[in-house]
Amino acid sequence: MLIVPISGKIGWKNPPLVTLAILVINCLVFFLFQINDDQARLEAEHLYLESGLAGIEVPRYMDYLEATGTATDGDLAVDPDDAEGLMRLHFALEADAVFLNRLNGEQVITPRDAVYERWRMLRHDYEEKCNRSVAFAHGLRPATPRVSTFFTYMFLHGSVGHLVGNMVFLWILGCMIEIGAGRALFTGIYLSSGLMAAGLFWLVYPTSTVPLVGASGAIAGLMGAYTVLYGRKTVSVFYSLGFYFNTARIPAIILLPVWIANECYQLFFSGVSHVAYVAHIGGLAGGAVLAFAGARLVGGVNRDSFEEAAEDKVGPLMDDALEHMAHLEMDKASCLFEQILDFSPERVDVLTHLFNIHKLTPESDAFHDITKRLLQVQLKDPATHAAAIGVYQAYAERVRRPALSIPLYLQVAGAMATAGEIAGAEKILLAILKKRPQTPGLPTSLVKLANAFREGGQVDAWKRYRTLVCKHFPDSVEAAIILRANTRA
């Protein structure tokens with residue numbers, strides 16, 4: 001079973017540099033240093049068989065198997081001239097950590113044996129040739145571990161196919177996590193997951209002499225991290241059941257138990273395999289835990305990094321609308337601008353274009369409507385208050401009977417007062433005070449106007465409007481504040 005997360009895009013504004021660096025390092029290590037590994041191992045095995053070393057060690061291993069009761073009839077029936085049988089027992093010997101430790105400890109062939117000196121020389125030559133294989137020398141061998149190999153093993157691979165398969169998964173998962181979670185968190189998860197994968201493999205197979213190599217433990221950590229970092233967010237995955245494949249959208253967190261269950265099934269029920277499923281399980285669990293802790297220490301995760309880019313429907317409409325305007329086809333342009341507002345109702349540039357079109361017919365309902373919509377958007381942001389004042393003044397100059405809402409008039413007046421357009425603000429507020437004196441928010445707007453007069457050095461006007469607020473709105477909060485300030489003064 002194969003389940004792979006997929007993404008619609010890679011964000012090159014923040015390129016996955018660490019992922020690329022790890023990918024390049026793995027490829028360089030393999031093609032610069034490991035490309036002759038198979039030849040080195042073949043030469044070592046040829047030496048073992050042809051030098052006579054097999055004739056010295058294998059019979060003693062057969063005796064050991066018989067003495068411990070672990071031999072099979074096939075083991076005891078190997079003929080000294082049977083090269084295939086000798087090599088089969090040799091591979092079993094090299095994987096038998098207990099016997100190998102006794103052999104290297106000179107407990108099997110002792111200095112008193114006549115063949116001791118020859119055996120020591122041949123064993124030294126054999127191990128030297130084995131160590132010419134980078135995977136053998138720097139892979140993790142739990143029976144004889146070195147601290148460095150817990151790190152170096154994750155940059156080594158057994159074959160080109162092994163390398164390519166791991167690098168494909170590294171690219172898919174690495175990009176998503178590095179771009180979404182950041183380089184620091186990604187690097188920490190990758191390296192730490194690789195170490196945790198190696199640690200679990202070492203604990204489960206402490207006597208194994210077969211080198212563990214490959215980035216799959218660290219990559220499994222990225223899988224575990226992906227499920228935690230993207231959590232309940234719905235993601236796209238490709239899945240294959242061998243005879244059937246498809247895509248689906250599921251919450252990312254569901255992938256974690258599915259992946260772990262798959263690795264456990266492969267470990268216990270798939271038979272003999274060279275795949276280190278235990279390391280995968282260690283990486284998956286480790287990556288999930290590291291991501292859970294790391295996301296809280298390093299910061300948030302951009303879970304929208306890989307959303308599919310929405311189809312640009314606005315750009316072509318905008319181009320067509322501007323072209324119609326250039327040809328003075330205002331009705332066609334208006335229709336297209338309205339379609340754009342269906343996608344983005346608060347686009348100031350589109351609203352402004354419609355305002356300029358409809359001001360050619362100032363008595364139309366469309367002109368009143370677009371003015372309201374444009375002012376409502378512009379008055380939300382103090383940075384566009386000046387533009388809003390300009391729109392209102394252009395509107396007021398063209399219509400005989402303004403038709404804005406009272407709250408919108410109050411907003412315009414407030415913006416004018418703040419901008420120093422005191423006369424315009426005063427005209428609006430006095431009109432509202434005369435026609436709608438009970439308008440909510442009017443006392444606040446009058447206080448703003450009073451303060452604008454004071455900032456402009458017109459103290460008499462400031463006092464007059466403060467008095468007006470207290471007279472017309474004696475129960476308002478604004479009046480209470482003014483009276484309290486007068487009392488303290």
Side-chain angles (χ1 to χ4, degrees), residues 345-349 351-352 354-356 358-359 362-489:
E346 296 191 353
R347 279 195 60 156
V348 174
D349 57 341
L351 291 168
T352 302
L354 283 171
F355 176 81
N356 290 329
H358 292 309
K359 74 181 181 183
E363 298 306 321
S364 66
D365 291 338
F367 185 49
H368 295 292
D369 177 66
I370 198 62
T371 302
K372 293 175 188 177
R373 293 162 67 186
L374 179 56
L375 287 175
Q376 285 169 349
V377 175
Q378 290 178 323
L379 290 169
K380 288 181 179 180
D381 184 359
T384 56
H385 280 187
I389 293 170
V391 167
Y392 173 77
Q393 290 172 339
Y395 170 75
E397 289 172 0
R398 286 169 171 77
V399 297
R400 289 196 300 268
R401 297 174 61 85
L404 304 181
S405 65
I406 297 298
L408 196 55
Y409 276 122
L410 288 178
Q411 286 183 273
V412 171
M416 285 181 163
T418 303
E421 299 278 350
I422 301 176
E426 184 178 31
K427 181 179 178 181
I428 293 172
L429 293 178
L430 288 178
I432 295 173
L433 180 63
K434 180 178 180 181
K435 296 179 179 179
R436 300 281 183 84
Q438 301 305 315
T439 298
L442 182 55
T444 302
S445 297
L446 289 169
V447 169
K448 282 185 180 180
L449 179 62
N451 292 336
F453 276 118
R454 182 178 61 178
E455 291 173 4
Q458 300 181 53
V459 178
D460 290 341
W462 171 61
K463 292 180 179 179
R464 184 169 68 253
Y465 275 97
R466 286 164 65 88
T467 301
L468 186 149
V469 170
C470 292
K471 176 181 177 182
H472 287 273
F473 308 98
D475 298 326
S476 66
V477 174
E478 289 78 9
I481 293 172
I482 292 170
L483 291 172
R484 192 179 301 118
N486 290 340
T487 301
R488 284 199 296 268

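Starting from 1, each residue takes its place in the sequence as its number.
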Starting from the C-alpha separation in whole Å, work towards a yes-or-no answer on side-chain contact (heavy atoms from CB on, under 4.5 Å) for R398 and H358. CA-CA 11 Å; R398 286 169 171 77; H358 292 309; over 6 Å; no

Rounded to the nearest 0.5 Å, how far does CD of Q376 lie from CD of E346? 9.0 Å

Close side-chain approach of T418 and H385, heavy atoms under 4.5 Å: no

Using a 6.0 Å cut-off, check whether atom CG of D365 has over 12 heavy atoms from anything other than its own residue. no

Residues P437 and K434: closest non-hydrogen pair is CD-O, 4.2 Å

dist R466:CZ -> L483:CG (nearest 0.5 Å) comes out at 9.0 Å

Would you call the rings of Y409 and Y392 parallel, tilted or perpendicular if under 30° counts as parallel and over 60° as perpendicular? perpendicular

Between H368 and Y395, what is the ring plane arrangement, given parallel below 30°, perpendicular above 60°, and tilted in between? perpendicular

Could you tell me the separation between the NZ atom of K359 and the CD1 atom of I370, rounded to the nearest 0.5 Å? 13.0 Å

Closest non-hydrogen contact found for A415 with I389 is O-CD1, 3.7 Å

Taking side chain as C-beta onward, heavy atoms only, is I481 less than 4.5 Å from E478? no

Do L446 and L468 have side-chain heavy atoms sitting under 4.5 Å apart? yes

Heavy atoms only: give me the nearest F355-A394 pair and the separation to one decimal. CZ-CB, 4.1 Å

If you measure from the Lys or Arg side-chain nitrogens to the Asp or Glu carboxylate oxygens, is any gap between R464 and D460 under 4.0 Å? no

Measure across I482 and C470 and return the closest heavy-atom pair with its distance rounded to 0.1 Å. CG2-SG, 3.6 Å

Taking atom CG of L354 and atom CZ of R347, what is their separation to the nearest 0.5 Å? 11.5 Å

Are the side chain of T384 and the backbone N or O of A387 linked by a donor-acceptor pair below 3.5 Å? no

Can you name the closest pair of heavy atoms from W462 and A450 and give their distance? CD1-O, 3.1 Å

Just to verify, which of L375, T371, L374 counts as forming a side-chain contact (heavy atoms from CB on, under 4.5 Å) with L351? L374

Applying side-chain contact (heavy atoms from CB on, under 4.5 Å) to I428 and L410, what does each step give before you reach the verdict? CA-CA 8 Å; I428 293 172; L410 288 178; over 6 Å; no

Go through the steps to decide whether K448 and N451 satisfy the test side-chain contact (heavy atoms from CB on, under 4.5 Å), and finish with yes or no. CA-CA 5 Å; K448 282 185 180 180; N451 292 336; 5.6 Å; no

Using 0.5 Å steps for rounding, measure from the CD1 atom of I406 to the CZ atom of R436. 5.0 Å

Is any side-chain heavy atom of T439 less than 4.5 Å from a side-chain heavy atom of L433? no

About how many Å separate CG of L449 and CG of L442, when rounded to the nearest 0.5 Å? 10.5 Å

If you look at every heavy atom in L379 and A388, which pair is closest and at what distance? CD2-CB, 3.7 Å

